[in-house]
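Here the structure is a predicted model, which means the values were calculated and not measured. Quick note on labels: first sequence line is chain A, next is B, and so on, each numbered from 1.
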Number of protein chains: 2
Amino acid sequence: MTSRATTAGPRERLLEAAKRLTYTRGVGVGIDALLSASNVARRSLYEHFGGKDGLIAEVLRLAAEEDEATYRRTMRAAGGNPRDRLLAVFDALAKVVARPDFRGCRYLAADLALADPDHPGHAVTREYRQRVHHLLERELAALGHPRPDLAADQLLLLIDGTLAAGATRPDSRPAASARLLAEQILDAGAA
Amino acid sequence: MTSRATTAGPRERLLEAAKRLTYTRGVGVGIDALLSASNVARRSLYEHFGGKDGLIAEVLRLAAEEDEATYRRTMRAAGGNPRDRLLAVFDALAKVVARPDFRGCRYLAADLALADPDHPGHAVTREYRQRVHHLLERELAALGHPRPDLAADQLLLLIDGTLAAGATRPDSRPAASARLLAEQILDAGAA
DNA sequence: CCATGAATAGACCGGTCGATCTACTGGACC
DNA sequence: GGTCCAGTAGATCGACCGGTCTATTCATGG
């Protein structure tokens, strides 16, 4: 009986609580809040992550993995047509920004809040954006778009804009607005 | 000789230093940093602004005034053609995000960093976005766009996306990408 | 000449920050 | 049974947080 869920170790509990609290309260949350929310001893944080910065970076890494998987799942569920797969991303965004607890893009918030350009979190967010960019670019290439790199930049810009507007002007239905523009980007490839 | 610059009072000095430091270090900057950077006494802050929150709100108000004036100036300098006036905004954005000290949109950063939804800063940023939205919508109406309100939302989304991408992917030349999309929005009005 | 009021300097408050440390617990493994 | 070690609990550290306070300076105007 060594199996069973074993209630998840302190590392996992801390990561989960940090993922939640760094989003709702920002990366400026105090360590104590993370520890008490996860019922993890102070010392365990430093043994597992070396410090707050390491924990934040790991949280971003974990969230980025999940979010990238969500992108892939969304596109996979949309079938084999690259156009449908890309537009499905904006339909998914509409649901994301409509969630009552939506508070904007976690990665942009982290980049803006972490003033130190050498903070390890920045490298994580940078790589995440590259991965999403690559994801989009591949679909655009499959679509036969003449400039998949530029178009991927534009789609990424629409995604960032949607998440920003979703946080600051939720009543403007930004995902729908962005989807219309995305269609025009894709039409340039179908021409 | 009551005139002369008189070196600006403590209120102005503090506002100026806070405008600079809340941008470079975020709204989480300590009060002491703002006071020592402006050579203002601690007490003066509380007499003029009531506290840190009041100071931050006033800084956002001041910055919003200046930025709105910059929008108006950019459009005025672009002549009388609404299309030229709107596209000039994105040319101006290209220069903004190219500045070496560019650190993203001040207002979005504030909204993301101020976790308390009742913080007075949020009201300031909300009104600022409404003003810019109105500015864009008026030009779109003058252009004869069939849906100036939706189009203004889309332009605002492109602006937010440009500022976000400029902070996180500066090498992607987001303003140029956004301008191309903006042209398509405007073309819907010229049709 | 002196009263007024804005601004300054800076001590001080309780609280919190991230980080380090010691002491202890409990279960796994040999 | 004894060893080992991850994890817990919590005291403690210096630094800083936002905010309040007293005392002082200084230019102005009656």
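Checked by atom type, the side-chain pair B:Asp101/B:Tyr23 shows no donor-acceptor distance below 3.5 Å. Using a 3.5 Å distance cut-off with no hydrogens or angles, the side chains of B:Asp111 and B:Thr125 do pair a donor with an acceptor.
Checking C:dA19, D:dT8, C:dC17 against the side-chain heavy atoms of A:Ser44 singles out D:dT8 as nearest. Here the nucleotide nearest the side chain of B:Pro10, chosen from C:dA19, C:dT8, D:dG18, is C:dT8. When the nucleotides C:dA7, D:dG19, D:dT8 are ranked by their closest atom to the side chain of A:Val40, D:dT8 comes out on top.
How far CZ of B:Arg13 is from CG of B:Leu35: 11.0 Å, rounded to the nearest 0.5 Å.
Rounded to 10 degrees, the angle separating the terminal helix axes of the helix from C:dC1-D:dG30 to C:dC30-D:dG1, each built from five base pairs, is 0°.
In this structure, A:His48 does not reach the D:dA6 phosphate: none of its side-chain N or O atoms is under 4.0 Å from OP1 or OP2. Dashed line: the shortest gap from a side-chain N or O of A:Arg42 to OP1 or OP2 of C:dT22 is not under 4.0 Å.
Rounded to whole angstrom, the span from the CD1 atom of B:Ile31 across to the C1' atom of C:dG15 amounts to 14 Å. The CG-P distance, from A:Leu45 to C:dA19, rounds to 8 Å in whole Å. Taking atom CD1 on B:Ile56 and atom C1' on D:dG18, their separation rounds to 11 Å, with Å as the unit. Remark: P of D:dG7 and CZ of A:Phe49 are 10 Å apart, rounded to the nearest angstrom. When the C1' atom of D:dC13 is taken as reference, atom OH of A:Tyr46 falls 12 Å away, rounded to whole Å. Taking atom CD of A:Glu47 as the reference point, atom P of D:dC5 lies 12 Å away to the nearest angstrom. Rounding to whole angstrom units, NZ of residue B:Lys52 and P of C:dT16 are separated by 16 Å. Separating the CG atom of B:Leu55 from the P atom of D:dC17 is a distance of 14 Å, rounded to the nearest angstrom.
Mapping B:Gly51 and B:Arg43 onto DNA chain D by nearest heavy atom places B:Gly51 at the nucleotide closer to the 5' end.
Through direct or indirect side-chain contacts shorter than 4.5 Å among Ile, Leu, Val, Met, Phe, Trp and Tyr, A:Leu108 is connected to A:Leu112, B:Leu108, B:Leu112.
Using a 4.0 Å cut-off between a side-chain N of Lys or Arg and a carboxylate O of Asp or Glu, B:Arg106 and B:Asp67 do not qualify as a salt bridge.
Inter-residue side-chain proximity for B:Leu158 and B:Phe90 is flagged as met; some heavy-atom pair is nearer than 4.5 Å.
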A:Asp32 vs A:Arg42, test: salt bridge (Lys or Arg N to Asp or Glu O under 4.0 Å). Steps then yes/no. CA-CA 8 Å; A:Asp32 292 343; A:Arg42 203 171 196 71; 2.6 Å; yes
